[in-house]
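Data block below; observations after.
Note on naming: letters A, B, ... go to the chains in the order of the sequence lines (proteins, then strands), and numbering restarts at 1 for each one.
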Amino acid sequence: MNAQSEVYEHHGTESDRDRLQILDEDGNVLPGAEEPSLSDEELLAMYEALVLARRFDERAISLQRQGRIATYAPMTGQEGSQVATSYALDEDDWLFPTYRDHAAKHVHGMSLSSLLAPLRGYRDGYSIPDDVNVMPEYIPIATQIPQAMGMAWGFKLQGQTDHAVMCHFGDGATSEGDFHEGLNFAGVFDVPVVFVCNNNQWAISTPRERQTKSETLAEKAHAYGIESVRVDGLDPLAVYRATREAIRKAKRPGPNEGRPTLIESVQYRFGAHTTSDDPSVYRDGEAAEWYRKRDPVDRLAGYLDGRGLLTDERETVIEARVEKRIETAIEEAEAIEAEPDDIFEHVYAEMPERLERQRERLRDLREKYGDDAFSEVLE
Amino acid sequence: MNAQSEVYEHHGTESDRDRLQILDEDGNVLPGAEEPSLSDEELLAMYEALVLARRFDERAISLQRQGRIATYAPMTGQEGSQVATSYALDEDDWLFPTYRDHAAKHVHGMSLSSLLAPLRGYRDGYSIPDDVNVMPEYIPIATQIPQAMGMAWGFKLQGQTDHAVMCHFGDGATSEGDFHEGLNFAGVFDVPVVFVCNNNQWAISTPRERQTKSETLAEKAHAYGIESVRVDGLDPLAVYRATREAIRKAKRPGPNEGRPTLIESVQYRFGAHTTSDDPSVYRDGEAAEWYRKRDPVDRLAGYLDGRGLLTDERETVIEARVEKRIETAIEEAEAIEAEPDDIFEHVYAEMPERLERQRERLRDLREKYGDDAFSEVLE
Amino acid sequence: MSSYADTVREHVEAAGEGPGPDTGHDAVRETDADGPEALTLVEAVCDGLYSEMRRDEDVVVLGEDVGKNGGVFRATDALYEAFGEDRVIDTPLAESGIVGASIGLALSGMRPVAEIQFMGFVYPAFDQLVSHASRMRSRTGGRHGVPMVVRMPYGGGIRAPEHHSESKEAFFAHEPGLKVVTPSTPADAKGLLTAAIRDPDPVVFLEPKLIYRAFRETVPEQPYEVPLGEAAVRREGTDVSVFTWGAMTRPTLIAAEELAEEGIDCEVVDLRSLSPLDADTIVESFRKTGRGAIVHEAPKTGGLGAEIATTIQEEALLYQEAPIRRITGYDAPIPLHALEDYYLPQAARIHDALRETVEF
Amino acid sequence: MSSYADTVREHVEAAGEGPGPDTGHDAVRETDADGPEALTLVEAVCDGLYSEMRRDEDVVVLGEDVGKNGGVFRATDALYEAFGEDRVIDTPLAESGIVGASIGLALSGMRPVAEIQFMGFVYPAFDQLVSHASRMRSRTGGRHGVPMVVRMPYGGGIRAPEHHSESKEAFFAHEPGLKVVTPSTPADAKGLLTAAIRDPDPVVFLEPKLIYRAFRETVPEQPYEVPLGEAAVRREGTDVSVFTWGAMTRPTLIAAEELAEEGIDCEVVDLRSLSPLDADTIVESFRKTGRGAIVHEAPKTGGLGAEIATTIQEEALLYQEAPIRRITGYDAPIPLHALEDYYLPQAARIHDALRETVEF
Ligand SMILES: Cc1ncc(C[n+]2csc(CCOP(=O)(O)OP(=O)(O)O)c2C)c(N)n1
Ligand SMILES: Cc1ncc(C[n+]2csc(CCOP(=O)(O)OP(=O)(O)O)c2C)c(N)n1
Ligand SMILES: [Mg+2]
Ligand SMILES: [Mg+2]
């Protein structure tokens, strides 16, 4: 199988396949398409979140190049879907993100600096504030799926109808057993969960076609007796509509409706898998072209422009505000200091004696040899 | 969810759903149905294998009651499908059975006594003869699926077009991650494997409806871009036809055909899950009724009778021969003797020193204390 | 010799008032209205589940065949009838799903008790256990604990089919963030299970199925905790300390009695908690006797016996008068049942090794 | 001190003639036509794969991103170009599928070398490894071995994200039927990998990614085996024996040099094979020095350090002059990277513990 040629073909076919779309590639509302009911303020806020996401991504990549953060997974091209899905959540809903869902996390309440903290090696960014319903990012692929399902199931069993759970994962994740087991449970127990498959066409170097022979990822839902929808993931309005509907159904299903939904949000990974990855080794840039013409930021801008909402002045204000927020976040993240005792904290609710003694030992060693002795493990 | 009421309903719906059938409940060929091309001898041999399976099952259950074998998983009601699927194999094809596929193993070459050996606690029954292409039975559910797929893939990669691989598993197995990963690989790499899902409607006490919300198990194949067929698993001729076709396709796929197939063989577990199980705790007998009326042994008998092949005399000969073979098999199995050194054999191709010393130690202890000292671990 | 019943009584007293006598659980325990009654280990597990489910409605039981069927060993017998299908839940056949779902249930505020039908079938869920349940608290900086219990029958000796007799407790004990316990008596079964369910952290609860029905013992009807992390000295002695757990406790005690007749006085310590280990009790016992042995079913290499022996030599080398012997399963898969008695430690083997240790 | 290069040379000689010089592998190693050349550890892995694939066409490589991309660490760099998509196979993202398929490939007569992208992601495949690959030979009474290698980078120190720095070799070493090896030098990487691929049994091949590119060493171009099951004495000494493996070998050797200046003479044994353990070399070294320590990255409790210490006290208690110390990861998940240097053993910690051991 030749990955490149297939991908090359595949934006052609992708574009033809049935998927929910509201905006055309320039941001005009497609004939017959119905816009979601969002106020001007909401639309502008969503746009600002998109701009923030794009700038954050650019900045994070450059921070990584400077050695100020570790390996980073960019989201350019995918931020439209991230922002829109999180906008569609109610505050009480829970979000299970992956390592790539920076914007989704931020929109649902995580501070920008907390996104950077783990990239600087601190778990502060995983220590979600009490009033934010966002789980730490999941790195082992697909493992969040049964957990998100389980949390949603728990809310249902407890009669807490005010919580739905949204679970993100990639196209690659659909090949893992945990995807299968999680979706199957969701169907059997009819739980209020929304699965969002961010199909960016690549799992590192593995193209979507090599992940599975099924035509779409959405249709996999059928095997679990749950509903699915395929949406243009570069169209923030379409994503918002699809997600909002799934969230509604999860919490207040109609007569013959099931609670869970699988959303396949069809996107493209514009850039590298992570800052350690070099996509030129395994793909050429052609497929990206098609998608780049449908850039979610530009498209929403076009839409707002068409509605007369996006003046130059407003753009300038947004850019400045975004710049400032990112700057502050970096400062905050860079101010975090290492606390070696943290290694031993929270392993258990109560620290076992053996661990206490290990902590003592490390304290003694630091006293005796100084922190410099720990500054670098030899390569 | 009320398991009983659902199962009660479900033979009604089951019967309506589309599944390949050749014989009606009395063994008459259905109008328009095409019989597979099997000679009289082949049909009679198949029938004898069915009778053997039925008697073996009865006998094994009684041996277990007498404490002569350990826990046994009966196959009554399912032997029609087992015998027919194995009949459809070519000798060079490989079989991956479960703990319930006694008849399938036997028809593909395993001696009857080797079926009993593991039940008496000896791995002799797992030590498949060199000229028999049957893997030892798989107990951890669904784990054989990626392995069978991998073996088939290996044959394809090596250009060995004379081997297909048949992999058995139950309805319960479709919920495991390994089912998903194995079928997905089969689709992506287009390997010569035939998956046979023996849907006997129960996974111990769990009814098929609680396993998954998909309407049929066959349709799960869609998620992997592979073909599937649903067949009346109590109709040996229909099963034979479906399997034979899948085996053909695996080894010699036509222009637009994929190699792998998922066969859902719709059956019913007439008896207990195993001899340790008491189904009356979790199901009533009503659903079984519908299926018992379609008993595969009676049905094939009816068919042969209709073709004038089954005289009383022949029935008597068959019964006597079957009886004798089972008797001999029991004698053989009961003649196997314990060889404690076996514990240490074949852990590795070459025995590590540490293991050699452990073997010495056990020999010493046996010498010192006699085998009686090992006769029973205390309860 | 410290009376076992005494220990239990202490714990019951320490626990204070339970939720009062219960009349609705006749199917689980045929209650003698006046007080406690003798249960087998598996009945005590069921009783423990029952009393915690009654006390705390966040406790749910889930797994394969745990509902209507009451579990393949009847460990959840009659719970379905008592608490209904929303609290005693038959799941699809998928262990990673079961444990992953349990993590999610715990995150939502419940206290799931998952059953894995046999230890040999826990591996599909290994990732969820060791990569997630174990570290949810530390990765979230303390916000999210995962108060869940994963119960599973383990060990050999019941003439079970392949993959049904595994004893791989060491896998779990090597994972920081998990607790691992196993009872050797009915009363401990209930008390440890109660403590496990109430514990804020994930607990792997191993049930020695060989002794599921081996003997009965008085098990208080009131809920009570046997604290996690505390070993029990089952027999006091002065010549050699034997450390064991689960089903191996009984043959060890038998060997100890045999040796007593030869004038060798064994101390038998039932660890109960395999993680965290009760190093204090272990080392204290060893300091007294200066000789030690470990009995476990698991393969020798990399088994917990190694951890115990190493801890002892770290803490009490100067007391050590003989090598610490390991009487364990061999470094081979546990064989099909015709040979399992040769594989598992039993009294003769234990006896022999202990004598050697004392005579060293 | 036995020269490491000598050892390699011996093995090469013992292996006899290889398949002759190769000219087509320039992308994997820019061959100096006249002889061997210096490779990093990860290049040596790639070279080992290359030379075995060339020698034996049954060898196939499969995993996530091993093909076109050449592996996320480039361990399979250029193999796709050299051998084509049927022998260097990009799989779907599914570890149980990868290992389960590999078992099947081995059963069909091939010699699969599967890559798991990081050790932290092997757990979905744990069942296929410990319940199947490990026991296929014994359950089939010897008919079916599973000659396969499962490679995976392991260990910390490279500032990787969560779940990318695990060191859980003890899980695999506790499973009878599996072999577990890890190299600490480029030449060993190629030789052990070659032996692993040729071995008739399944081998878990752990690659210490911290030293993937840490240094170069002459690696013969001819295929050669470093036999499984044999430890290497990296530094001879008389005062204390230190047992270690993988990336921890280097800080241990550094600590040993530092201690030499204080007049303490350390023997450093690189185990290379973690299962089966080379108990003879371990015990022999210990008998000579009477003092010992183990250095590993994995959490202390239940780590392989315990097995080594216990084996020593079983075989050589009478030589033991001090407790055997374990310098290891703590009983906590390895932290995110800002703190990992505090978690992993490094020279100062090793130094400190060894001095204590000698002064005991
Ligand atoms: C279980 C597991 N296996 C392998 C990896 C290594 N890995 C990290 S990201 C990735 C690709 C994921 O692809 P996809 O699910 O499509 O998500 P994307 O990165 O494209 O957003 C892989 C293989 C992992 N993190 N977890
Ligand atoms: C991984 C795993 N989990 C649990 C079990 C215990 N178990 C044995 S048979 C069985 C039910 C299997 O049902 P199904 O797949 O429908 O096959 P059937 O027994 O009906 O033929 C279960 C749960 C097992 N053997 N393996
Ligand atoms: Mg992707
Ligand atoms: Mg079934």
If you measure from [atom1] on [X] to [atom2] on [Y], what distance do you get to the nearest 0.5 Å?
X	Y	atom1	atom2	answer
D:K68	A:R210	NZ	CZ	10.0 Å
A:Y99	D:H163	OH	NE2	12.5 Å
A:Y282	D:D90	OH	CG	11.0 Å
A:L119	D:R159	CG	CZ	14.0 Å
A:F374	D:R349	CZ	CZ	7.5 Å

Write down the atom of [X], the atom of [Y], and the distance for their closest heavy-atom approach.
X	Y	answer
A:Y126	D:L336	CE1-CD1, 3.9 Å
D:N69	A:V281	CA-CG1, 4.0 Å
D:D65	A:T206	OD1-OG1, 3.3 Å
A:E137	D:E162	O-OE1, 4.3 Å
D:A338	A:Y122	CB-CE2, 3.3 Å
A:S175	D:A94	O-CB, 3.4 Å

Close side-chain approach of [X] and [Y], heavy atoms under 4.5 Å:
X	Y	value
A:L355	D:K300	no
D:H164	A:I139	yes
D:D352	A:R361	yes

Proximal component of [X], with respect to chain A [non-hydrogen, under 4.5 Å]:
X	answer
D:P92	both
D:T301	both
D:Q117	side chain
D:F121	side chain

- Counting N and O atoms only, with roles assigned by atom type, does the side chain of A:R354 sit under 3.5 Å from a partner on the main chain of D:D331, one being a donor and the other an acceptor?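 Checking the backbone N and O of D:D331 against the side chain of A:R354, no donor-acceptor pair under 3.5 Å is found.
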- Run the salt-bridge test on A:K368 and D:E356 with the 4.0 Å N-O cut-off and return the result as yes or no.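 No, this pair does not count.
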- Could you tell me whether D:R74 and A:D278 make a salt bridge, using a distance below 4.0 angstrom between a side-chain N and a carboxylate O? no
- Query: What option among A:A173, A:G172, A:P352 has the most heavy-atom pairs under 4.5 Å with chain D?
  - Reply: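 Option with the greatest count: A:G172.
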- Item | Among the listed options A:G170, A:A338, A:P340, A:P136, the residue most often paired with chain D at heavy-atom distances under 4.5 Å | A:P340
- A:E367 atom CD: more than 12 heavy-atom contacts under 6.0 Å: no
- Message: Tell me whether the count of non-hydrogen atoms from other residues, nucleotides or ligands lying under 6.0 Å of CZ in A:R357 goes above 12.
- Response: no
- Message: As a test of understanding, state which of A:L365, A:I343, A:D341 forms a side-chain contact (heavy atoms from CB on, under 4.5 Å) with D:Y342.
- Response: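 Exactly one pass, corresponding to A:I343.
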Which portion of [X] sits near chain D, non-hydrogen atoms under 4.5 angstrom:
X	value
A:I141	side chain
A:D371	both
A:E339	backbone

